[in-house]
Every structure is written in C-alpha cells, then in structure tokens.
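Just so you know, these numbers come straight off a predicted model, no measurement behind them. Computation of the quantities below employed the complete heavy-atom set of this structure, encompassing side-chain atoms and omitting hydrogens, waters and symmetry-equivalent molecules. All residue numbers in this chain count up from 1 along the given sequence.
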Amino acid sequence: MFRSLRIFNYRIWFIGALVSNIGTWMQRTAQDWLVYDILTNQDAAAMGIVMALQLGPQLLLAPWAGLIADTYDRRRVLLTTQLAMAALGAGLGLLVLSGHAHLWHVYAFALALGIVSAIDAPARQSFVSEVVSEENLPNAVALNSASFNGARMIGPAVAGLLTVAVGPGWVFLINTVTFAAMILALLKMRSGELRILPKAPPGKGRIRAGLKYVRYRPDLIMVLVAIFIVGTFGLNFAVYIAAMARTEFGQDAGIFGLLNSIMAIGSVAGALLSARRDKPRLRFIFGAAGAFGLSCAVAAVSPTLWIFALSLIPTGLFALTLMTSANAYVQTTTAPVMRGRVMALYFAIFMGGTPLGAPIVGWVSNSFGPRWSLGVAAASGLITAVIGLVWAWRSHHLRLHYDRTVRRRLVVTSRETEQDPNAQ
C-alpha cells in the first residue's frame with residue numbers, strides 16, 4: 001500500500017504536499033464560511049459563484065496549461081505556481097484582517113487563484129510520473145489522494161475552530177505559511193533520481209494533437225464523461241455541507257469544519273483502498289459512481305445531524321474511489337509525451353464543470369432546500385453508472401441469456417467468449 005514512500009523524492013514530495021494540503025483545506029473552509037455566513041446572509045448561490053470563478057479557468061486555460069506541463073521543466077513550473085498561490089493567500093488574509101473585504105474581493109481572489117491553479121494542476125499531476133516508475137504510478141496517485149484527503153480530515157476542523165475563535169483572515173495567513181513545505185520539498189529533491197520523460201516537440205498543432213489523441217480513445221472519452229457528470233453536479237461538497245449544517249440543522253462554522261473532516265475519513269479510506277490495487281479498471285470508476293449516488297441519497301434524507309454526518313463517510317469513500325481510479329487510469333494508459341495535455345483536459349472537464357454545476361446546485365438549495373441539492377448529486381452518480389453500464393455492454397458486445405448447464409442460470413457473455421469458450 002505504501003511502496004512509493006520508499007523512494008526518497010516521493011517521500012519528501014508526500015510530506016510537503018500533506019502540509020500544504022492542510023493549509024489549502026483550511027483556506028477553503030474559511031473562505032466558504034466567509035462568503036456564506038459573514039459577507040452574505042447564508043447565500044448558497046454566492047458560494048457557487050466563488051467555486052465557479054475558482055475552478056472555471058481549469059476549463060478555459062486547459063489546452064495551454066497542458067502544453068506548458070508537456071514543454072517546460074515541471075518542477076520549475078510548480079515552484080512558480082506555489083509562490084503565486086502563497087502570495088494570493090496572504091493578500092486575501094490581509095484584506096480580511098483590515099476589515100475592508102467585500103464579496104467582490106473574494107470573487108477577484110478566487111478568479112486569480114483559479115488561473116494559477118489551472119497551470120499548477122496538470123504540471124503537478126504529470127510531475128508524479130517523473131518521481132516514481134510507471135509500475136508505481138497508480139500507487140503514487142492513490143497516495144497523493146490519501147495525502148490530500150488526510151489533510152481534509154485536519155484542515156477543515158482546525159479552520160472551523162480558528163474561524164470561530166480569531167476569524168477567517170488569520171486562517172488565510174496560516175495557509176500562506178504552509179506553502180513553504182511544498183516549495184522546500186521541490187528544492188530538496190535529488191535531480192539525478194528524477195525520471196527524464198519525453199517533452200512535446202516544438203512546432204504548431206501540439207494542442208490539437210492532444211485533443212486528437214483523446215478522440216481516438218473511446219475508453220478515455222467515457223472516463224471524461226463520467227468525471228464531467230459527477231464533477232459538475234455531484235462533487236459540490238462545500239455547497240451541500242454548508243447549507244445542510246447552517247440552514248437545515250442551524251449549526252456554526254465549527255460543525256461545518258467537523259462535517260468536512262468526517263467526510264474526509266471516508267475519502268482517506270477510499271484513497272488507501274485504491275493504493276492497494278496494482279491496476280485501475282473502468283468497472284471501479286462506474287461502480288463507485290453508482291455507490292456515490294446511493295450514499296448521497298441517504299445523506300439527503302438523513303433526519304438528524306449525526307446521521308447526516310455518518311452518511312458522509314461512505315459518500316467520501318465512493319467519491320474518492322471514483323476520482324482516484326479515474327485519475328490513475330488516465331495517467332497510466334496515456335503516452336508519456338501526451339500526459340500533460342491529457343491531464344489538463346481531464347482537469348478541465350473535472351473542475352471546469354463547476355462554473356455550470358455549482359451555481360445550479362446553489363440555486364436548487366436556495367429555492368427548494370439543501371436536501372434537494374443533495375438529490376441532484378445522487379442523480380449524477382446513478383446516471384453516470386447507467387451510462388457506464390450501457391457503454392460496457394455495447395462496446396464488449398455483451399448479452400444476457402439463460403443457461404441451464406450452470407448453477408446461476410442467467411449468465412453474461414461477450415462475442416469473444418462465445419467464439420472462444422476458454423476466453424476469460
């Protein structure tokens with residue numbers, strides 16, 4: 001499960017990322033509460049707009065961000081983006097502490113952070129393949145998710161307490177300090193132990209080449225479809241949890257942070273279970289989507305706060321199983337020279353759907369109540385599972401028929417197994 005941690009460069013990368021991720025989750029939690037309960041009168045739609053501004057650039061800048069990751073030294077790109085994100089966190093923190101912060105300021109900082117993050121994401125994801133071997137890449141991707149969601153167990157709970165005690169401004173400044181861990185880890189890596197991977201050759205048409213590569217990979221297209229549907233309408237946890245905590249159950253920022261941390265228990269479990277698998281498979285992606293939809297449905301009808309909190313554990317588990325499996329599948333089945341551009345497209349679809357989904361989910365929450373917004377998430381997971389099942393059925397020429405010679409009379413066969421009885 002932890003085999004990638006035997007590698008020195010990955011080990012310090014993991015530690016640096018863990019500290020930085022704790023700060024990132026602290027800022028996200030404080031920012032969500034700042035918008036929802038301090039700068040507005042519990043306006044879920046305003047939270048959706050912040051998420052849209054922060055994640056929208058993933059969609060618009062994806063082709064160029066992927067090309068940057070495939071062309072330039074990824075470690076230098078990451079150093080630049082980490083410094084820029086630290087500066088933005090400090091700026092927002094000082095603005096809040098000065099007492100001059102307004103909602104439009106948060107919108108502006110969210111957009112700026114989204115632009116930097118759009119460049120950071122494909123470089124960060126594809127850089128892992130320089131740190132570990134292809135054999136260890138699925139394990140490293142899963143451990144990255146475990147780090148991110150382990151931080152999610154700590155960051156929101158700490159941020160919730162600090163937001164109540166000293167206000168969100170200090171939380172933003174603490175996040176600024178945590179970027180130092182990631183920057184130090186990048187500087188301390190042993191350059192000689194990093195893998196040298198092919199870069200995109202110079203010339204025109206490099207962005208178009210990445211899109212063409214995906215066009216002729218129907219399996220990648222189906223993964224991207226799944227990620228778009230669930231990412232757009234299902235993974236707006238900041239909106240769901242804030243609305244349920246404050247509007248439905250009448251709780252404060254401390255409980256909001258605690259609920260995020262409880263969800264992270266399931267997320268870490270999902271990431272660690274994914275780390276045990278040697279090879280990501282499509283059935284994990286679509287199966288997890290269906291289970292995610294069912295768990296969101298349970299959360300939507302939870303009668304009490306603590307039943308709702310417990311329902312967040314399987315929700316986080318299946319959401320992370322889906323995301324980690326999809327991420328690892330795309331990375332491990334993509335040619336190294338195309339990896340940055342394909343991962344940029346992956347994140348554009350995954351995160352870029354939020355400008356559409358988050359405001360819609362926020363509007364549903366405001367108009368019909370938080371439970372109906374969770375119903376939207378449940379529908380996204382179940383629809384994705386059905387699409388995956390139909391695609392697998394058609395692409396593998398599966399059919400269901402009755403066979404009295406076997407114990408389970410209804411069996412599923414494909415054209416290949418019918419032609420070759422020994423095929424598995």
Side-chain angles (χ1 to χ4, degrees), residues 25 27-60 92 101-111 113-114 117 152 156 159-160 163 168 227-253 255-257 259-260 263 292-293 295-297 299-302 305 308 311-312 315-316 319 349-381 383-384:
W25 277 112
Q27 170 145 337
R28 286 189 180 186
T29 303
Q31 178 178 281
D32 291 339
W33 202 256
L34 173 68
V35 171
Y36 189 71
D37 201 53
I38 297 176
L39 298 181
T40 71
N41 186 23
Q42 301 176 16
D43 189 348
M47 286 184 63
I49 292 172
V50 171
M51 293 176 65
L53 290 170
Q54 192 162 312
L55 301 177
Q58 299 272 2
L59 179 61
L60 299 176
L92 182 57
H102 297 284
L103 185 59
W104 73 267
H105 291 131
V106 181
Y107 288 166
F109 274 93
L111 178 61
L113 183 60
S117 298
R152 190 177 182 179
T163 299
I227 285 299
F228 173 76
I229 296 173
V230 177
T232 300
F233 299 105
L235 301 183
N236 299 293
F237 296 129
V239 177
Y240 304 139
I241 296 176
M244 288 291 287
R246 186 62 168 170
T247 305
E248 192 70 24
F249 297 116
Q251 301 298 319
D252 62 11
I255 294 297
F256 173 57
L259 289 173
N260 277 280
M263 172 173 270
F292 168 77
S295 62
C296 285
V301 298
S302 297
L305 173 66
F308 172 70
S311 72
L312 293 178
T315 301
I349 292 172
F350 179 41
M351 309 296 285
T354 299
L356 171 65
I360 291 175
V361 170
W363 174 80
V364 170
S365 179
N366 287 343
S367 302
F368 304 101
R371 296 184 185 275
W372 283 101
S373 64
L374 272 167
V376 173
S380 72
I383 290 170
T384 299

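- The closest side-chain heavy-atom distance from E248 to R371 is below 4.5 Å.
- Here the CZ-OG1 distance, from F228 to T232, works out to 4.0 Å after rounding to the nearest 0.5 Å.
- A donor-acceptor pair is defined here as one N or O able to donate and one able to accept, closer than 3.5 Å; no such pair exists between the side chain of S367 and the backbone of V364.
- One distance of note links CG of L92 with CG of L34; it measures 7.0 Å at 0.5 Å rounding.
- A donor-acceptor pair is defined here as one N or O able to donate and one able to accept, closer than 3.5 Å; such a pair exists between the side chain of S302 and the backbone of A299.
- Under the side-chain hydrogen bond (donor to acceptor under 3.5 Å, both in side chains) criterion, T384 pairs with no residue at all, not counting sequence neighbours.
- In this structure, the side chains of Y36 and D43 stay at 4.5 Å or more apart for every pair of heavy atoms.
- For the pair S380 and F292, the tightest heavy-atom approach, listed with the atom from each and the gap, is OG-CE2, 4.2 Å.
- When each of L374, N366, V239, L235 is tested with V361 by the rule side chain to side chain contact (heavy atoms under 4.5 Å, CB included), just one qualifies, namely V239.
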>> With side chain to side chain contact (heavy atoms under 4.5 Å, CB included) as the criterion, how do V50 and F109 come out once you've worked through the C-alpha distance, each side chain's angles and the decisive distance to 0.1 Å?
In response: CA-CA 9 Å; V50 171; F109 274 93; over 6 Å; no
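- Between G381 and V230, the closest heavy-atom pair is CA-CG2, 4.4 Å.
- L111 is listed as a side-chain neighbour of P57, based on a closest heavy-atom distance under 4.5 Å.
- Contact record, C296 with A377: SG-CB, 3.8 Å, taken as the closest heavy-atom pair.
- The minimum heavy-atom distance between P370 and S373, with the atom names listed, is O-OG, 2.5 Å.
- Q251 places a side-chain N or O within 3.5 Å of a backbone atom of F249 that can act as its donor or acceptor partner.
- Side-chain contact between L305 and L259 is present, with heavy atoms from C-beta onward closer than 4.5 Å.
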>> Before you tell me yes or no, could you show the steps for Y240 and T315 under side-chain hydrogen bond (donor to acceptor under 3.5 Å, both in side chains), namely the whole-Å CA-CA distance, both residues' side-chain angles and the distance that decides it to 0.1 Å?
In response: CA-CA 12 Å; Y240 304 139; T315 301; over 6 Å; no
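- If you take CG on L39 and OH on Y107, they are separated by 9.5 Å, rounding to the nearest 0.5 Å.
- Residues Q54 and Q31 meet the side-chain proximity criterion, which asks for heavy atoms closer than 4.5 Å.
- Using a distance-only test at 3.5 Å, with no hydrogens or angles considered, no donor-acceptor pair links the side chain of S365 to the main chain of G362.
- Classification of the F368-W363 ring pair by plane angle, with boundaries at 30° and 60°, yields perpendicular.
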